[in-house]
Amino acid sequence: MTGVKNKTAIVTGASSGIGEAIAMHLAEAGANIVLAARRKERLEEIALKIQQKHSVHIKAVETDVTNREKVEQLVAEAKDAFGSVDVFVNNAGVMLLSFLKNDHVDEWEKMVDVNIKGVLFGVHAALPTMLEQESGHIINVSSVAGHEVFPSSSVYSATKYAVRALSMGMEKELSKTGVRVTNISPGAVSTELTEHITDEEVIENFKNRKMTPLEPGDIARAVTYAVSQPDYVNVNEVIVRPSQAKK
Ligand SMILES: NC(=O)c1ccc[n+]([C@@H]2O[C@H](COP(=O)([O-])OP(=O)(O)OC[C@H]3O[C@@H](n4cnc5c(N)ncnc54)[C@H](OP(=O)(O)O)[C@@H]3O)[C@@H](O)[C@H]2O)c1
């Protein structure tokens, strides 16, 4: 699979931030896009936006990635509409940072459900078709928090280490099947991700943060790079961090 022109790309968490940008960039590269997330209206707006810029086919499928049947249905609808599943971007995620002592146990559970189980359900739903096709590309969005742990990121990092471990295992298990695997680890990116944090101590710390984050398109370009390589090139790991100019 060289390039994604006329291929089918499913992007989870496509209703905002990095997922929206990945969808836009893959459409620009000529892929037919299936947008997935829970907020259907946002998906419809984004579908329209993409359609106005690029002449590819777009479908929006309301999907909760924590629901196995819904993710199976997402892949089935994509296949019905466009005939194949060539790229599956496991991007949906939540980052509910909190200090362990503050015991945000419901949020720990939510992160495990969305960030780990959601990715597993994506693999479960998309991989059989890709194996049958003997081609495909699974992109898992981890994080630099999947490479290092900082105070308040213990549980979030645990989920993102898990995503990276899955990517590493998949890459080895699938290397001779025609299915490629890329783990993308973004550093700080300006999105809605931090808006859902409820731990007041973390929110206070964020106010003092001085770094300039990346834009979602900066991560989308890394995805486009990985998927547009020739078939025999498997880009397994990309880390993209903001770079600060020296003052
Ligand atoms: N921004 C960063 O600094 C950063 C850094 C490293 C890694 N990441 C990772 O990048 C990915 C995208 O995050 P973002 O920064 O673009 O944040 P975002 O703007 O908040 O996007 C998160 C996306 O995930 C979706 N989502 C959440 N729960 C879901 C569920 N149960 N089912 C389906 N979709 C769900 C949201 O859509 P709905 O609410 O409509 O369902 C939304 O589209 C995440 O995996 C995140 O961990 C982000």
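When a ligand or atom number is given, it counts from 1 through the structure's own listing order. Everything numeric here is computed off the predicted structure, so don't read it as measured data.
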Straight-line distance of Thr177 OG1 to Gln133 CD, nearest 0.5 Å: 11.0 Å
Contact check: Ile18 vs ligand 1, nitrogen or oxygen atoms, below 3.5 angstrom: yes
Numbered atoms and elements of ligand 1 in range of Thr63, under 4.0 angstrom, heavy atoms: 32 (N), 33 (C)
Which of the ligand 1 atoms, numbered from 1, are nearer than 4.0 Å to a heavy atom of Asp64: 30 (C), 31 (N), 32 (N)
Verdict with supporting geometry, Leu35 and Ile50, side-chain contact (heavy atoms from CB on, under 4.5 Å): CA-CA 11 Å; Leu35 304 164; Ile50 297 175; 4.2 Å; yes
Main-chain N/O of His137 paired to Arg180 side chain as donor or acceptor, under 3.5 Å: no
Closest to atom 39 (O) of ligand 1 among Arg38, Arg241, Glu20 (heavy-atom distance): Arg38
Those atoms of ligand 1 less than 4.0 Å from some heavy atom in Pro186: 5 (C), 6 (C), 7 (C)
Basic-acidic side-chain contact under 4.0 Å: Glu204, Lys207: yes
Donor-acceptor contact below 3.5 Å, side chain Thr12 vs main chain Ala92: yes
Side chain to side chain donor-acceptor pair (under 3.5 Å) between Ser167 and Glu237, worked out: CA-CA 9 Å; Ser167 299; Glu237 176 77 74; over 6 Å; no
Contact atoms of ligand 1, heavy-atom distance to Tyr156 under 4.0 Å: 7 (C), 8 (N), 46 (C), 47 (O)
Nearest neighbour in protein (non-hydrogen) for atom 22 (C) of ligand 1: Gly93 O, 3.7 Å
Nearest neighbour in protein (non-hydrogen) for atom 26 (N) of ligand 1: Ala92 CB, 4.0 Å
Sidechain-backbone polar pair: Gln229 side chain, Tyr225 backbone, donor-acceptor under 3.5 Å: yes
Test: Lys40 and Glu44 ion pair at under 4.0 Å: yes
Carboxylate-amine/guanidinium proximity below 4.0 Å for Arg39 and Glu45: no
Option with minimal heavy-atom separation from atom 44 (C) of ligand 1, where the choices are Val141, Asn91, Leu43: Asn91
Gly187 touching ligand 1 at heavy-atom level, < 4.0 angstrom: yes
Nearest non-hydrogen partners of Thr194 and Phe206, listed with the distance: CG2-CE2, 3.5 Å
Trace of the salt bridge (charged side-chain N to carboxylate O under 4.0 Å, His left out) decision for Glu148 with Arg241: CA-CA 13 Å; Glu148 52 196 277; Arg241 287 190 174 89; 3.0 Å; yes
Any N or O of Lys160 closer than 3.5 Å to N or O of ligand 1: yes
For atom 15 (O) of ligand 1, the protein heavy atom that lies nearest, with its residue and separation: Thr191 OG1, 2.6 Å
Shortest protein heavy-atom distance from atom 32 (N) of ligand 1, along with the residue and atom involved: Val65 N, 2.9 Å
Proximity winner for atom 18 (P) of ligand 1, if only heavy atoms of Ser16, Gly13, Ser142 are counted: Ser16
Val189 N/O under 3.5 Å from ligand 1 N/O: yes
Distance-only donor-acceptor pairs under 3.5 Å for side chains of residues 212-220, two or more places apart:
from   : atom 1 : to     : atom 2 : distance (Å)
Asp218 : OD1    : Arg221 : NH1    : 3.3
Asp218 : OD1    : Arg221 : NH2    : 3.0
Asp218 : OD2    : Glu215 : N      : 2.8

Per-atom contacts, ligand 1 versus Ala188 - under 4.0 Å to a heavy atom: 3 (O)
Nearest neighbour in protein (non-hydrogen) for atom 4 (C) of ligand 1: Leu193 CD2, 3.7 Å
Contacting atoms of ligand 1, where contact means under 4.0 angstrom from a heavy atom of Glu192: 19 (O), 20 (O)
No-hydrogen, no-angle side-chain donor-acceptor test under 3.5 Å, Asn234 and Glu171: no
Numbered atoms of ligand 1 (with element) below 4.0 Å of Gly17, judged on heavy atoms: 16 (O), 19 (O)
Geometric N/O contact Ser15 with ligand 1, under 3.5 angstrom: yes
Test of proximity, Val144 against ligand 1: N or O pairs below 3.5 Å: no
